[in-house]
Amino acid sequence: MGRHGWNSGARRWRLTALLGVGAAALALVVTLLNTLPGNGVNTDGTSRDGDKPHGNPTATPDATNPEVGWGFTHTEHSADEGASAAVKRVEGRLADAGGLPQIQHIMGWGADNPEPVRGRYDFEAMDRRIDFVRASRSTPVVTLCCAPDWMKGGEAGVDNTDWSQAALETAPDPEHFEDYAALAVTVAKRYPDVRHFIVWNEFKGFWNDAEGRWDYEGYTKLYNLIYKALKKVNPDIMVGGPYLVMDSVDPRAEEASKALTGSWGALDQRTVDAFAYWNEHKAGADFVVVDGSSYTRDDELLPDEFTATDKFTAVGEWVRKQTGDLPLWWAEYYVEPADGNDDRKGWSESRRVAVQAAGMMALAKGGATSAFYWNPEEEKGTECAGCLWTPTDASRGGAKLPMYDLVARFGKEFRPGTGYKEVSVDKPDVRVLATDKVILAVNTLDRQTTAKIDGEKVELQAYEVRWLQR
């Protein structure tokens with residue numbers, strides 16, 4: 001998750017009760033409280049002008065394109081904070097690469113509670129993230145999640161945000177759906193250069209316990225309110241959903257769907273039902289958003305970590321068929337099962353990058369034109385498994401890592417609209433994706449191999465990822 005999130009341990013509670021002595025004093029306190037902003041609730045650090053445009057909006061690279069390409073999502077720690085030299089190093093590298101589209105959530109994953117009290121806003125952390133995207137000359141994407149506490153049965157106030165997993169995974173109450181849509185409008189006005197909005201995250205809080213299924217009616221109602229509200233702000237704003245997890249299970253499982261199966265497993269029928277409802281009842285969509293992993297809900301890589309990525313191709317083709325070929329986004333995609341702390345540190349970096357490359361190739365083959373790497377970043381130190389760059393806490397930080405080279409080069413070579421070409425390869429253990437100018441080759445073996453690719457003999461080391469010119 002992220003700052004603040006269920007892995008951050010970032011609960012912030014402070015005692016704000018006022019004690020009176022005697023009836024007269026108590027009456028005075030009550031009178032004073034009723035005259036304070038927020039009816040006595042702490043509003044320190046907030047402002048009423050949340051919809052005032054922030055900073056210097058820039059010309060977004062893909063302002064009119066519903067397909068933004070291959071990028072990453074900011075998580076708890078990111079390169080917007082740290083030593084100035086390290087921050088600028090990452091900003092410059094991204095800009096020099098032509099920019100990489102970047103997702104930022106409005107609450108959690110590095111952002112504070114945007115509206116801790118009704119009508120009182122705190123966008124300081126969000127501003128910093130948007131400024132980073134602007135400085136890196138990239139396309140900003142905003143995910144509208146999560147919800148302020150007062151919208152979901154919690155307490156209002158700067159000190160009362162509950163950052164626990166249970167709280168963050170709570171959707172706004174239906175009576176506050178319009179309040180949440182109003183918050184989305186505030187965000188859109190504050191960042192007029194943000195033209196791509198994703199509604200909510202993984203159906204969090206939208207589960208129907210009584211019927212044992214997703215509350216797709218509730219989600220779709222919220223989605224439609226937000227969609228219509230954002231289009232009123234600017235009809236050029238693009239909105240997508242449902243950001244539903246494409247869970248897969250063992251094909252023999254009770255919940256396994258017959259709609260889509262493969263060697264990697266079967267889609268969960270409850271996911272299929274939720275997607276179908278949203279697709280039929282949505283007010284509109286400029287792109288469709290899903291996420292998921294190559295492994296099953298039980299962390300099984302079927303039949304192995306590389307072949308399991310074929311799921312991305314199958315799901316992508318299925319989703320596009322359901323939506324009439326709306327541009328397909330993967331907001332998250334995972335190829336390495338996480339441990340109990342939601343960390344992915346069990347593989348060597350070469351194996352991790354190789355499977356990641358295979359996964360991205362599978363996404364592209366399934367019709368995805370936009371996908372976002374969930375970018376972890378350690379707060380301090382020099383080690384960072386699976387990260388795009390080293391931690392930015394020190395001036396020497398922000399050094400690129402192997403995963404950055406993959407994501408950045410992939411984004412450059414396989415932009416939306418890319419025409420993919422078939423190339424010959426004589427070894428089934430070598431995967432390829434090609435255009436008329438370049439070939440990406442991946443050795444799926446943990447040992448050296450030699451293959452003839454596009455008529456040329458190529459020697460690949462264990463788990464090597466190689467770019468070849470044509």
Side-chain angles (χ1 to χ4, degrees), residues 169 200-204 206-217 219-220 240-282 285 287-326 328-339 342 344 346-347 355-368 371-372 374 428 431 444:
E169 288 192 335
W200 209 243
N201 174 304
E202 295 185 337
F203 268 52
K204 285 179 168 63
F206 287 99
W207 179 257
N208 186 324
D209 285 315
E211 299 185 24
R213 63 169 176 83
W214 292 110
D215 175 18
Y216 37 74
E217 300 95 338
Y219 170 80
T220 304
Y243 202 152
L244 187 63
V245 183
M246 293 289 121
D247 271 339
S248 53
V249 297
D250 188 297
R252 298 166 295 182
E254 181 180 355
E255 63 271 28
S257 171
K258 305 297 183 186
L260 186 58
T261 63
S263 61
W264 43 267
L267 279 189
D268 189 318
Q269 182 60 44
R270 295 166 296 188
T271 298
V272 173
D273 294 341
F275 188 87
Y277 184 91
W278 171 83
N279 192 39
E280 180 180 353
H281 295 89
K282 65 184 184 298
F287 49 91
V288 59
V289 186
V290 297
D291 86 336
S293 58
S294 57
Y295 44 87
T296 70
R297 195 166 54 236
D298 296 322
D299 290 346
E300 293 183 294
L301 289 159
L302 301 175
D304 60 71
E305 69 267 41
F306 286 98
T307 310
T309 64
D310 292 342
K311 170 186 173 179
F312 295 140
T313 301
V315 171
E317 291 173 343
W318 179 82
V319 168
R320 298 201 70 202
K321 183 178 180 180
Q322 307 308 306
T323 62
D325 284 343
L326 275 177
L328 172 60
W329 291 28
W330 285 78
E332 304 172 43
Y333 55 94
Y334 301 96
V335 298
E336 179 182 1
D339 61 19
D342 202 31
R344 292 171 172 83
W347 293 353
V355 184
Q356 174 73 14
M360 296 175 75
M361 293 161 71
L363 292 170
K365 290 178 179 178
F372 298 83
W374 191 265
R431 294 197 166 202
T444 66

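Tyr295 is linked by a ring pair (Phe, Tyr, Trp, His ring centres under 6.0 Å) to nothing, counting only residues two or more places apart in sequence or in another chain. Not counting sequence neighbours, Trp347 has no partner by the ring pair (Phe, Tyr, Trp, His ring centres under 6.0 Å) test.
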Exercise for the section: Dump the intermediate steps for ring pair (Phe, Tyr, Trp, His ring centres under 6.0 Å) on Tyr219 and Trp200, then the final yes or no. Expected result: CA-CA 9 Å; Tyr219 170 80; Trp200 209 243; 8.3 Å; no
Practice task
Let me see the working for Phe372 and Trp329 under ring pair (Phe, Tyr, Trp, His ring centres under 6.0 Å), right down to the final yes or no.
Solution key: CA-CA 8 Å; Phe372 298 83; Trp329 291 28; 5.6 Å; yes
Problem - Step-by-step side-chain contact (heavy atoms from CB on, under 4.5 Å) determination, Val288 to Leu328 - result: CA-CA 5 Å; Val288 59; Leu328 172 60; 3.9 Å; yes
Practice task
Give the intermediate values and the outcome of side-chain contact (heavy atoms from CB on, under 4.5 Å) for residues Trp318 and Phe275.
Solution key: CA-CA 11 Å; Trp318 179 82; Phe275 188 87; 4.1 Å; yes
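Closest of all the heavy-atom pairs between Thr309 and Ala358 is OG1-O, 3.9 Å. Between Leu244 and Ala274, the closest heavy-atom pair is CD2-CB, 3.8 Å. Residues Gly292 and Trp330 approach most closely at N-CZ3, 3.8 Å, considering heavy atoms. In this structure, Ser293 and Lys311 approach most closely via the heavy-atom pair O-NZ, 2.8 Å. Minimum heavy-atom separation, Phe312 to Val335: CE1-CG1, 3.9 Å. Closest heavy-atom contact between Pro251 and Ala256: O-CB, 3.4 Å.
One finds the CG atom of Leu260 at 4.5 Å from the CG atom of Leu267 (value rounded to the nearest 0.5 Å). Between atom CG of residue Asp299 and atom CG of residue Asp339 there is a gap of 10.0 Å, rounded to the nearest 0.5 Å. Taking CH2 from Trp207 and OH from Tyr216, the interatomic distance works out to 10.5 Å, rounded to the nearest 0.5 Å.
No donor-acceptor distance shorter than 3.5 angstrom exists from the side chain of Thr261 to the backbone of Lys258, with no hydrogens or angles considered. Of the possible donor and acceptor atoms, one in the side chain of Asn279 sits under 3.5 Å from a partner among the backbone N and O of Gln322. A donor-acceptor pair under 3.5 Å is formed between the side chain of Glu336 and the backbone N or O of Gly346. Asp298 places no side-chain N or O within donor-acceptor distance of the main-chain N or O of Glu300, the cut-off being under 3.5 Å. Remark: the backbone N or O of Lys282 is not paired with any side-chain donor or acceptor of Thr220 at under 3.5 angstrom.
Between Phe206 and Phe203, the ring planes lie perpendicular to each other; the angle is over 60°, past the 30° to 60° tilted range.
Arg213 and Asp273 are not joined by a salt bridge, as no carboxylate oxygen comes within less than 4.0 angstrom of a charged side-chain nitrogen.
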